[in-house]
Enquirer: 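Just passing along the structure, written as structure tokens.
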Protein chains: 2
Amino acid sequence: MIAEASTHAPLSVDKKAADDVGTLSTKVSPVEKCREFLLTKGLRMTRERSILTEEIFADHEHFDAEQLIQRLAQRTDGKRVSRSTIYRILPLLEEAGMLRKVARQDGRDVYEHDYGYPRHDHMICRKCNRLVEFKNTRVRELVEEIASEHGFRTEAHRLEVYGLCRTCSRPPESRHKKLNLL
Amino acid sequence: MIAEASTHAPLSVDKKAADDVGTLSTKVSPVEKCREFLLTKGLRMTRERSILTEEIFADHEHFDAEQLIQRLAQRTDGKRVSRSTIYRILPLLEEAGMLRKVARQDGRDVYEHDYGYPRHDHMICRKCNRLVEFKNTRVRELVEEIASEHGFRTEAHRLEVYGLCRTCSRPPESRHKKLNLL
DNA sequence: CTAAGTGCAAATGTTTTGCAGAATC
DNA sequence: GATTCTGCAAAACATTTGCACTTAG
């Protein structure tokens with residue numbers, strides 16, 4: 001099941017091209033942060049929630065539910081977390097401000113960390129599918145400014161820039177060859 | 001578990017609060033534009049494609065597939081278009097550059113016109129779910145500027161601002177009346 | 001004519017849910 | 001100890017697809 005033959009260069013994040021994204025201000029571990037949130041809601045920190053949170057924050061890659069299910073729902077050791085539980089915890093982590101949906105690819109919601117990783121926006125190359133992260137304070141400022149003009153109280157924003165990355169927009173180059181661009 | 005009591009006021013677009021969004025530069029009718037596209041692909045302009053295109057471009061509201069199905073799949077006059085056909089045509093209109101997905105709400109893809117309507121961005125109220133459109137030239141300028149710093153060639157962008165709209169951020173307020181908000 | 005398009009019903013794939021037993025506070 | 005959680009299997013949904021029949025070009 002889950003056909004999945006897509007050619008999507010899936011979710012690759014171009015860290016090299018990113019600006020000042022990468023500085024990490026660790027205060028509390030993700031699991032701790034999650035526990036705090038759960039407390040405020042009168043909910044409980046369970047083994048499953050802890051396992052899933054650790055798995056998710058083990059790296060900074062983007063991911064979707066299916067990937068977590070692949071990794072966690074078939075373990076035989078004590079670290080198994082079922083499909084339903086995974087689907088139930090993800091919205092909690094979102095509500096906790098630790099995750100956010102950034103896209104939908106192949107019929108699935110794609111998440112990224114919203115905790116322990118600096119705020120940033122994305123440039124997406126329509127050719128190589130590369131996701132370039134960038135950080136620019138003026139974006140936030142402008143958003144803030146526009147919002148206030150509309151009496152809107154900003155909590156977050158998402159800016160995605162679509163186009164061609166440096167590599168893909170560079171014509172076959174040098175020569176007199178016909179550039180088959182576009 | 002996972003509360004989820006969302007009050008989704010679905011897809012309402014607050015035109016009043018919108019800025020200069022509204023100027024319309026009509027060149028060719030949507031149906032014509034669509035026909036042109038179909039021609040280039042060796043495809044045919046059918047009654048169903050024409051009906052659907054007209055229905056979609058009759059107003060500038062955002063919509064999802066289900067809404068079109070509601071309106072078109074149960075007609076008894078000659079204007080019926082089936083569910084499958086609707087789902088088959090939507091991607092065509094996207095490819096034609098006439099529509100684009102702008103969000104996902106309640107598990108459905110939300111579309112908006114990408115033809116005959118000026119470019120704009122969105123503010124989305126997390127409480128009443130209202131979609132406020134706004135247009136601000138500085139957004140495009142800033143995007144352009146940032147992109148070029150990264151050697152990125154911009155083709156389009158999407159900016160969504162999340163937060164609370166004027167109404168929802170106003171505290172229960174003044175009166176003792178229960179405002180059944182909205 | 002003949003390739004492309006449509007409607008229907010059935011299939012797919014993701015996400016949600018009711019329940020009974022298990023675990024946290 | 002009561003409430004919240006988990007896993008399971010089944011359900012709910014949105015979207016897609018196979019097929020026989022229509023239709024545009």
Side-chain angles (χ1 to χ4, degrees), chain A residues 1-6 31 34-53 63-70 72-76 78-95 99 101 103-111, chain B residues 1-6 8 10-11 31 34-53 63-70 72-76 78-95 101 103-111:
Chain A
M1 45 254 66
I2 299 148
E4 252 309 280
S6 54
V31 176
C34 179
R35 185 193 307 283
E36 285 170 18
F37 167 76
L38 293 170
L39 270 178
T40 72
K41 302 278 287 186
L43 302 179
R44 299 165 183 178
M45 174 47 87
T46 63
R47 190 164 45 78
E48 288 79 1
R49 286 173 181 173
S50 163
I51 293 172
L52 183 59
T53 302
F63 64 91
D64 61 41
E66 189 56 31
Q67 290 171 8
L68 295 178
I69 291 165
Q70 291 300 316
L72 294 178
Q74 31 226 198
R75 290 205 182 166
T76 51
K79 300 232 173 196
R80 199 181 103 90
V81 182
S82 78
R83 171 180 299 268
S84 347
T85 298
I86 290 174
Y87 272 112
R88 282 195 271 236
I89 296 178
L90 287 176
L92 283 179
L93 292 176
E94 260 188 291
E95 200 187 334
L99 287 184
K101 292 190 185 126
R104 182 152 244 262
Q105 268 186 23
D106 304 313
R108 302 183 194 137
D109 285 323
V110 178
Y111 294 88
Chain B
M1 44 256 45
I2 301 144
E4 242 311 285
S6 56
H8 296 277
L11 314 180
V31 176
C34 179
R35 185 193 309 282
E36 286 169 18
F37 168 75
L38 292 170
L39 270 177
T40 72
K41 302 279 288 186
L43 303 180
R44 300 167 184 177
M45 173 48 85
T46 63
R47 191 164 44 80
E48 289 78 1
R49 286 173 182 174
S50 163
I51 293 172
L52 184 59
T53 302
F63 64 91
D64 59 42
E66 188 56 32
Q67 291 172 4
L68 296 177
I69 291 165
Q70 290 300 315
L72 294 178
Q74 30 224 202
R75 288 205 182 166
T76 51
K79 302 234 174 191
R80 199 181 103 89
V81 182
S82 77
R83 168 181 302 268
S84 346
T85 298
I86 290 174
Y87 272 113
R88 281 177 183 129
I89 297 178
L90 288 176
L92 284 179
L93 292 176
E94 261 188 288
E95 199 187 336
K101 291 190 186 128
R104 183 152 242 263
Q105 267 185 26
D106 304 314
R108 301 184 193 137
D109 285 324
V110 178
Y111 294 87

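So you know, we letter chains A, B, ... as the sequences are listed, proteins then strands, and number each from 1. Everything quoted here is computed from the prediction, not taken from an experiment.
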Enquirer: What is the distance from CZ of Arg49(B) to P of dT22(D), rounded to the nearest Å?
Expert: 19 Å

Enquirer: Quick one: on DNA chain D, does Ile86(A) or Pro91(B) contact a more 5' nucleotide (nearest heavy atom)?
Expert: Ile86(A)

Enquirer: Over how many whole Å does the gap from Glu48(B) atom CD to dA4(C) atom P extend?
Expert: 17 Å

Enquirer: Across the strands shown, which category fits Arg83(B) at heavy-atom distances under 4.0 angstrom: base, sugar-phosphate, nothing?
Expert: base

Enquirer: Tell me the interatomic distance from Leu43(B), atom CG, to dT6(C), atom P, rounded to whole angstroms.
Expert: 10 Å

Enquirer: With rounding to the nearest 0.5 Å, note down the distance linking CG in Leu90(A) to NZ in Lys101(A).
Expert: 9.0 Å

Enquirer: Write down the distance between CG (Leu92(A)) and C1' (dT15(C)), rounded to a whole number of angstrom.
Expert: 15 Å

Enquirer: Are the side chains of Leu93(A) and Phe37(A) in touch, meaning some heavy atoms are under 4.5 Å apart?
Expert: no

Enquirer: Base, sugar-phosphate or nothing for Thr46(A)? Non-hydrogen atoms, less than 4.0 Å.
Expert: sugar-phosphate

Enquirer: Does the side chain of Lys41(A) come within less than 4.5 Å of Glu95(A)'s, by heavy atoms?
Expert: yes

Enquirer: Is there a donor and acceptor pair closer than 3.5 Å between the side chain of Ser82(A) and the base of dC8(D)?
Expert: no

Enquirer: Whole angstrom is fine here: how far is it from NZ in Lys41(A) over to C1' in dT3(D)?
Expert: 16 Å

Enquirer: Do the side-chain N or O atoms of Arg80(A) get closer than 4.0 angstrom to the phosphate oxygens (OP1, OP2) of dC8(D)?
Expert: yes

Enquirer: Roughly how many Å is it from CG in Asp109(B) to P in dC13(D), rounded to a whole number?
Expert: 18 Å

Enquirer: Can you tell me the distance, in whole Å, between the CD1 atom of Ile51(B) and the C1' atom of dT6(C)?
Expert: 12 Å

Enquirer: Below 4.5 Å, heavy atoms only, C-beta onward: do Glu36(A) and Leu39(A) meet side chain to side chain?
Expert: no

Enquirer: dG18(D) base to Arg88(B) side chain: any donor-acceptor pair below 3.5 Å?
Expert: yes

Enquirer: Do Arg44(A) and dT3(D) have a side chain to base donor-acceptor pair shorter than 3.5 Å?
Expert: yes

Enquirer: How is Arg35(B) classified with respect to the nucleic acid when contacts are heavy atoms under 4.0 Å: base, sugar-phosphate, or nothing?
Expert: nothing

Enquirer: Please check this pair: side chain of Arg47(A) against backbone of Gly78(A), looking for a donor-acceptor N/O pair closer than 3.5 Å.
Expert: yes

Enquirer: Taking only side-chain N and O atoms of Tyr87(A), does any of them lie within less than 4.0 angstrom of OP1 or OP2 on dT15(C)?
Expert: yes

Enquirer: Please report, rounded to the nearest Å, how far the P atom of dG25(D) is from the CE atom of Met45(B).
Expert: 9 Å

Enquirer: Any side-chain N or O of Thr85(B) under 4.0 Å from OP1/OP2 of dG7(C)?
Expert: yes

